[in-house]
Amino acid sequence: MASMVAACSSNGRPAATISDAAFVRRANAICKETVPGLRAPDRKATSTTALQSATLDKTADSIAGVAARLRTLPVQSDDAARVRGWLADWDRFVVVGHRYAAAVKADDPEHYTRIDDEAIKLAERIGTFARGNHIDDCVL
C-alpha cells in the first residue's frame with residue numbers, strides 16, 4: 001500500500017509509466033466508445049440475485065474484444081512491455097469474469113464473492129495503469 005501511495009503524483013494520479021501519446025490517444029478513443037457500457041454497476045446498488053451468468057459471460061467477451069482492439073494499436077518500443085503487461089491484466093480479468101459467471105450460474109455465493117474480490121483487484125490494477133498514463137476512458 002505504501003508503494004502505491006509513493007507512486008502517485010501530487011494530484012493523486014498514479015505516476016505515468018509510458019510516454020507514447022499516440023497510443024494513449026488511440027486507446028482512449030477505443031475505450032470511450034466501448035467501455036462505458038461494460039462497467040459494473042455500483043456494487044452497493046447491485047443485488048447478487050439480479051446477476052445473470054449469460055450477461056456476465058457476454059460482458060467478459062466484450063471486454064476481451066476491447067483488449068483485442070487495444071492490442072492492435074502501435075506502441076513505441078520503450079512502452080511495449082508495459083502495455084503488454086496491462087493488456088495481460090485485461091486477459092486475466094476476462095478469465096475471472098467467465099469464472100464469476102459460472103459461479104453465479106451454479107448459485108454459489110461464497111465462491112462468486114471470492115471471485116468478485118479477485119476481479120476488483122484486477123480492475124484496480126488496470127485502472128491504476130490507465131489513470132497514471134491518462135488513458136482514463138479505459139478504466140473499467
Side-chain angles (χ1 to χ4, degrees):
M1 174 91 114
S3 62
M4 186 177 223
V5 172
C8 290
S9 65
S10 62
N11 67 2
R13 184 179 288 273
T17 57
I18 65 171
S19 61
D20 189 337
F23 175 82
V24 168
R25 187 175 60 258
R26 291 178 184 124
N28 270 321
I30 287 171
C31 290
K32 187 174 188 167
E33 71 183 43
T34 55
V35 171
L38 302 175
R39 289 188 179 117
D42 182 348
R43 290 182 80 194
K44 295 176 190 130
T46 302
S47 167
T48 54
T49 59
L51 296 174
Q52 296 183 5
S53 62
T55 302
L56 295 168
D57 274 326
K58 183 179 176 185
T59 299
D61 289 340
S62 296
I63 291 170
V66 174
R69 288 183 65 196
L70 292 170
R71 209 169 256 109
T72 67
L73 298 176
V75 63
Q76 293 173 356
S77 59
D78 289 350
D79 296 335
R82 285 180 290 280
V83 169
R84 277 193 307 273
W86 180 55
L87 292 172
D89 279 343
W90 283 69
D91 295 340
R92 284 187 279 278
F93 188 82
V94 168
V95 169
V96 169
H98 287 300
R99 285 182 27 233
Y100 184 63
V104 167
K105 185 174 185 177
D107 195 26
D108 186 350
E110 184 178 324
H111 192 128
Y112 66 65
T113 299
R114 281 194 312 271
I115 295 169
D116 186 45
D117 292 342
E118 187 179 347
I120 289 168
K121 288 177 187 171
L122 281 166
E124 287 172 352
R125 248 185 11 221
I126 291 166
T128 297
F129 180 93
R131 282 187 310 279
N133 292 295
H134 299 272
I135 315 172
D136 294 4
D137 289 314
C138 292
V139 173
L140 298 173

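Under the 4.0 Å criterion applied to side-chain N and carboxylate O atoms, Glu118 and Arg99 are assigned as salt-bridge partners. Using a 4.0 Å cut-off between a side-chain N of Lys or Arg and a carboxylate O of Asp or Glu, Asp89 and Arg92 qualify as a salt bridge.
Within the 4.5 Å cutoff, the side chain of Val66 has no heavy atoms near those of the Glu33 side chain. In this structure the side chain of Gln52 never reaches within 4.5 angstrom of the side chain of Val104, judged on heavy atoms. Residues Arg82 and Val75 have side chains not in contact (no heavy-atom distance under 4.5 Å, counting atoms from C-beta outward). Side-chain contact check for Trp90 versus Leu122: every heavy-atom pair is 4.5 Å or farther apart. No side-chain heavy atom of Arg25 sits under 4.5 Å from any side-chain heavy atom of Asp20. Side-chain contact check for Val35 versus Asp137: every heavy-atom pair is 4.5 Å or farther apart. Ile30 places a side-chain heavy atom less than 4.5 Å from the side chain of Leu73.
Looking only at distances, a side-chain donor or acceptor of Arg39 sits under 3.5 Å from a matching main-chain atom of Val139. Using a distance-only test at 3.5 Å, with no hydrogens or angles considered, a donor-acceptor pair links the side chain of Asp79 to the main chain of Ser19. Between the side chain of Asn133 and the main chain of Ile135, no donor-acceptor pair closer than 3.5 Å is present.
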Inset, instruction - Decide yes or no on side-chain contact (heavy atoms from CB on, under 4.5 Å) for Ile120 and Arg125, but give the supporting numbers first. - result: CA-CA 9 Å; Ile120 289 168; Arg125 248 185 11 221; over 6 Å; no

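Taking all atoms of both residues into account, the shortest heavy-atom contact from Cys31 to Pro36 is O-CD, 3.3 Å. Closest of all the heavy-atom pairs between Leu38 and Ser62 is CD2-CB, 3.5 Å. Nearest heavy-atom pair, Ile126 versus Cys138, reported as atom, atom and distance to 0.1 Å: CG2-O, 4.1 Å. Smallest separation of non-hydrogen atoms from Arg131 and Pro14: CB-CD, 4.1 Å. Shown here for His111 and Ala103, the closest heavy-atom pair between the two residues is CD2-CB, 3.8 Å. Residues Ala64 and Val94 share a closest heavy-atom pair of N-CG2, 3.6 Å.
For the residue pair Asn28 and His134, no side-chain donor N or O sits within less than 3.5 Å of a side-chain acceptor on the partner.
A distance of 8.5 Å separates CG in Asp108 from OG1 in Thr113, rounded to the nearest 0.5 Å. Here the straight-line distance linking atom OG1 of Thr59 with atom OH of Tyr100 works out to 11.0 Å at 0.5 Å rounding. To the nearest 0.5 Å, atoms CZ (Phe23) and CD1 (Ile18) are separated by 5.5 Å. Atom NZ of Lys105 and atom CG of Leu56 lie 12.0 Å apart (nearest 0.5 Å).
Ring geometry for Trp86 against Phe129 counts as parallel: the plane angle stays under 30°, on a 0 to 90° scale with 60° as the upper cut.
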